[in-house]
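To keep things clear, I will list the structure first and then write my remarks on it.
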Amino acid sequence: MGSKITIIGAGSVGATIAYTLSMDDIASEIVMIDINKKKAAGEVMDIAQGTCFRDPISIIAGEYEDARGSDIVIITSGMARKPGQTRLELTQTNVNILKSITPEIVRVAPDAFYILVSNPVDIMTYVFTKISGIPENKIIGSGTLLDTSRLRCGMSEYYKVAQKNIHAYVFGEHGDSSFVPWSTARIATITIDDYEKMLIEKGIQDKPMDRDAMEEYVHKSGSQIIANKGATFYAVSTSVCKLASILLSSTDSVYTVSSMLHGEYGIDDVCLSTLTLVGPDGIKGKVPVALTDAELVRLQASAKALKDVIAQIEL
């Protein structure tokens, strides 16, 4: 497709994104930038040596200047939380990292789309929106795209139905206050209630899904994976690469990504995820969804939780 994608951060997530991109036809040029230049060079060498079975692609470990002309910049830089460190302390640390990166990358790639992946991703998306000078439509946080993928995986395993037939989403922050607006969930065009009734009548299942348990599965998946293997990077990388492909496509798609709200659902001046129209022109806006009163309360509570953190950080 002739596109150039720069990835800032050569940790597990950044490197896996680069590898996933290298196995697809999304990009013809990939630049990886990291303060640890040796690590970036090693990741690039390892990835590049596996690309002889695809069309030619350029993959380099570079400096900010090498990002000039990028179509997409993916920011994954940040620290993982250390034992004894509060979530707020981690947030300020990663905000400071983003503040040091932003002027360097914006200077050389002012026209790129920016995908924020670093956690806490909603706060990072908000900070980047405030300090970068990049138009809002070109700033996309990965948000609850991963959470939605986890939800559909869990529902697919429960109902024994293909994930592509499941239309259910996670709204809010990428974190503990996220939730599933079950009133909007469908399998094909059928409500969850009606689909479960059909399964029970046919003897395929004997009881409805525990929706609270499914939300808990979504919330705890990341920590469970970290406990088992030390980090999460495959699923988030796949979702980010999908988002990159959408930005380079010819039509719009609807996904749960994090972006600035301007009064939607009674929420303003915070970034979080609801259904969003995104495509080759970037973000065109939030897609209005008729939430129940209880769901609206949960969405506004999620926004408040994020605003409470924003109020305590130094921009």
Side-chain angles (χ1 to χ4, degrees), residues 8-9 11 13 74-103 114-134 136 139-148 150-151 169-181 215-216 218-223 226 231-232 236 239-240 256-276 283 286 291 295-315:
I8 301 180
V13 172
I74 301 171
I75 299 178
T76 72
S77 300
M79 303 294 291
R81 186 160 55 156
K82 299 175 181 177
Q85 186 180 39
T86 67
R87 191 174 296 275
L88 182 60
E89 289 170 340
L90 172 66
T91 298
Q92 188 64 62
T93 297
N94 285 348
V95 164
N96 291 341
I97 292 172
L98 181 63
K99 286 164 66 176
S100 69
I101 290 170
T102 299
Y114 283 81
I115 300 176
L116 281 295
V117 186
S118 309
N119 276 319
V121 66
D122 301 290
I123 305 294
M124 301 293 270
T125 304
Y126 179 87
V127 171
F128 188 82
T129 302
K130 290 294 186 180
I131 70 174
S132 67
I134 298 296
E136 283 188 14
I139 302 171
I140 306 102
S142 57
T144 60
L145 198 57
L146 172 60
D147 307 75
T148 295
R150 287 171 171 164
L151 172 65
Y169 303 88
V170 178
F171 277 28
E173 72 158 325
H174 174 56
D176 293 339
S177 69
S178 68
F179 71 101
V180 181
E215 284 198 19
E216 186 76 0
V218 173
H219 287 153
K220 300 299 184 184
S221 286
S223 59
I226 291 170
T232 67
V236 64
S239 62
V240 169
T256 50
V257 295
S258 187
S259 62
M260 189 70 75
L261 273 75
H262 295 283
E264 299 92 339
Y265 305 101
I267 300 169
D268 186 61
D269 196 37
V270 69
C271 294
L272 51 68
S273 294
T274 63
L275 291 186
T276 307
I283 287 179
K286 298 295 188 181
L291 301 176
E295 290 165 350
L296 182 59
V297 167
R298 294 188 72 179
L299 183 61
Q300 293 175 342
S302 189
K304 183 180 184 303
L306 288 166
K307 284 191 171 188
D308 287 346
V309 175
I310 291 169
Q312 299 179 70
I313 61 174
E314 181 182 340
L315 290 177

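Since the model is a prediction, treat every value here as computed from it, not as a measurement.
- Every residue two or more places apart in sequence or in another chain was checked for a side-chain hydrogen bond (donor to acceptor under 3.5 Å, both in side chains) with Thr76, and none qualifies.
- Considering only residues two or more places apart in sequence or on other chains, Asn94 meets the side-chain hydrogen bond (donor to acceptor under 3.5 Å, both in side chains) condition with none of them.
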Val95 vs Glu314, side-chain contact (heavy atoms from CB on, under 4.5 Å): CA-CA, chis, key distance, verdict = CA-CA 8 Å; Val95 164; Glu314 181 182 340; over 6 Å; no

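- At least one donor-acceptor pair under 3.5 Å links the side chain of Ser273 to the backbone N or O of Ser258.
- Applying the salt bridge (Lys or Arg N to Asp or Glu O under 4.0 Å) criterion to Asp268, with sequence neighbours excluded, gives no partner residue.
- Applying the side chain to side chain contact (heavy atoms under 4.5 Å, CB included) rule to Val218 yields the partners Asp147, Leu151, Val170; only residues at least two apart in sequence or on another chain are considered.
- Partners of Ile310 according to the side chain to side chain contact (heavy atoms under 4.5 Å, CB included) rule, which considers only residues two or more places apart in sequence or in another chain, are Ile123, Tyr126, Val270.
- Applying the salt bridge (Lys or Arg N to Asp or Glu O under 4.0 Å) test to residues at least two apart or on different chains, the pairs with a partner in residues 121-131 are Lys130-Asp269.
- Lys220 is linked by a salt bridge (Lys or Arg N to Asp or Glu O under 4.0 Å) to nothing, counting only residues two or more places apart in sequence or in another chain.
- Shown here are the salt bridge (Lys or Arg N to Asp or Glu O under 4.0 Å) partners of Arg298, two or more places apart in sequence or in another chain: Glu215.
- Donor-acceptor pairing under 3.5 Å is recorded for the side chains of Asn96 and Gln92.
- In terms of heavy atoms, Ser302 sits closest to Leu272 at C-CD2, 4.4 Å.
- Remark: Tyr265 OH to Leu291 CG distance equals 5.0 Å, nearest 0.5 Å.
- Between Ser77 and Ile97 the shortest heavy-atom distance is CB-CG2, 4.1 Å.
- Checked against side-chain hydrogen bond (donor to acceptor under 3.5 Å, both in side chains), Thr148 has the following partners two or more places apart in sequence or in another chain: Thr256.
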Could you go through the side-chain contact (heavy atoms from CB on, under 4.5 Å) check for Val13 and Val240 one step at a time?
-> CA-CA 10 Å; Val13 172; Val240 169; 6.0 Å; no

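- A distance of 10.5 Å separates NZ in Lys304 from NZ in Lys307, rounded to the nearest 0.5 Å.
- Residues Leu116 and Val121 come closest through the heavy atom pair O-CG2, 3.2 Å.
- Applying the side chain to side chain contact (heavy atoms under 4.5 Å, CB included) test to Thr129 and every residue at least two apart in sequence or in another chain returns Thr125, Glu136, Ile139, Met260, Cys271.
- One finds the CG atom of Asn119 at 8.0 Å from the CG atom of Leu90 (value rounded to the nearest 0.5 Å).
- With sequence neighbours left out, Thr276 forms a side-chain hydrogen bond (donor to acceptor under 3.5 Å, both in side chains) with Lys286.
- The main-chain N or O of Leu145 is never found under 3.5 Å from a side-chain atom of His174 such that the two would form a donor-acceptor pair.
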Does the side-chain contact (heavy atoms from CB on, under 4.5 Å) test come out yes or no for Thr144 and Phe171, once each step is laid out?
-> CA-CA 7 Å; Thr144 60; Phe171 277 28; 5.7 Å; no

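- For Lys99, the salt bridge (Lys or Arg N to Asp or Glu O under 4.0 Å) test picks out no residue, with sequence neighbours left out.
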